[in-house]
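In each ligand, atom 1 is the first atom listed, and ligand 1 is the first ligand listed.
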Amino acid sequence: MKRRSFLKVVSATGMMIAINPSMINQVLRADDGRLYKSYARVQLLNAEGTPMTEQMLETSENYVFNYPYEGTTTLLINLPNESAKDVSLKDEFGEAYLWKGGVGSRRTIVAYSGICPHQLTHINKKDSFITYRKKGERFEGHVVCDGHTSVYDPEHGCKVMKGKAPQPMASIVLEVGDDNTLYAVGVLGPDKYHEFFKSFRRELKEQFGSKRNAKKEVVSTAVAMRLSAYTQEVIQL
Ligand code: FES
């Protein structure tokens with residue numbers, strides 16, 4: 001998916017202006033309702049340091065990479081089925097945004113923030129209560145946060161299917177480069193990064209040395225590894 005179109009936004013003076021999403025770094029609401037925040041265009045690498053292509057991603061496997069900050073995780077999945085296109089979603093305040101779908105030859109590759117919008121359960125180096133459920137597992141084909149069993153549909157922008165989560169998981173916008181490698185370029189939908197950094201100071205210090213380290217934006221490259229290699233304990237209830 002290549003997102004090079006310009007967003008139309010209303011400036012502080014009330015004038016309608018057009019901005020290339022790759023050149024901005026703030027939350028924008030586009031005229032089609034997208035809620036989008038641009039970050040650095042970061043190339044995904046596999047655990048060996050090789051630029052990641054679609055073919056390297058095992059179907060239904062849980063992969064994790066740090067984006068858009070060093071201390072925030074993203075769940076990356078190559079779904080078994082083609083994702084939906086242009087899904088209308090709403091945040092908890094009723095603001096609409098449009099999820100365009102997965103990328104890759106079959107539009108099966110999707111990525112979502114590893115922070116649950118219910119009570120901020122999140123994928124971290126010690127444990128993960130958030131997983132994509134493979135065939136044969138409970139809630140097969142869904143992303144589940146076992147903090148309090150919220151169930152999300154990754155084929156439809158991680159909209160909420162069950163549980164107390166008030167809004168979808170934010171999605172990480174991916175692009176496929178000319179050389180067929182994968183990039184993360186921004187975050188679409190309501191993220192919880194601000195609340196996350198406020199709430200988990202001690203954990204971030206333990207895992208990243210300091211909150212400041214954890215809050216550094218990722219630039220250039222990010223390693224996407226299997227969840228089982230990233231975290232000490234994968235928990236499914
Ligand atoms: S924190 Fe995820 S369901 Fe409650």
Checklist entry - Who passes ring-ring contact (aromatic ring centres under 6.0 Å, His included) against F139, sequence neighbours left out? => result none
Next on the checklist: Aromatic contact between Y97 and Y36, with the criterion being ring centroids under 6.0 Å apart: yes or no?
Outcome noted: no
Item to check | T72 side chain to Y67 backbone, donor-acceptor under 3.5 Å | outcome: yes
Tell me which donor-acceptor pairs under 3.5 Å the side chains of residues 219-226 have, and how far apart each pair is, sequence neighbours excluded?
{"residue": "R226", "atom": "NH1", "partner": "E58", "partner atom": "OE1", "Å": "3.2"}
{"residue": "R226", "atom": "NH1", "partner": "E61", "partner atom": "OE1", "Å": "3.0"}
{"residue": "R226", "atom": "NH2", "partner": "E58", "partner atom": "OE1", "Å": "3.1"}

Using residues 194-202 as the side-chain source, report each donor-acceptor pair under 3.5 Å to any protein atom, sequence neighbours left out, with the distance given to one decimal.
{"residue": "S199", "atom": "OG", "partner": "E195", "partner atom": "O", "Å": "2.8"}

Next on the checklist: So does R133 get a backbone contact from the side chain of T131, meaning a donor-acceptor N/O pair under 3.5 Å?
Outcome noted: no
Checklist outcome for this item: Listed as residue and atom, the protein N/O/S atoms under 2.8 Å from atom 4 (Fe) of ligand 1 are H118 ND1, H148 ND1
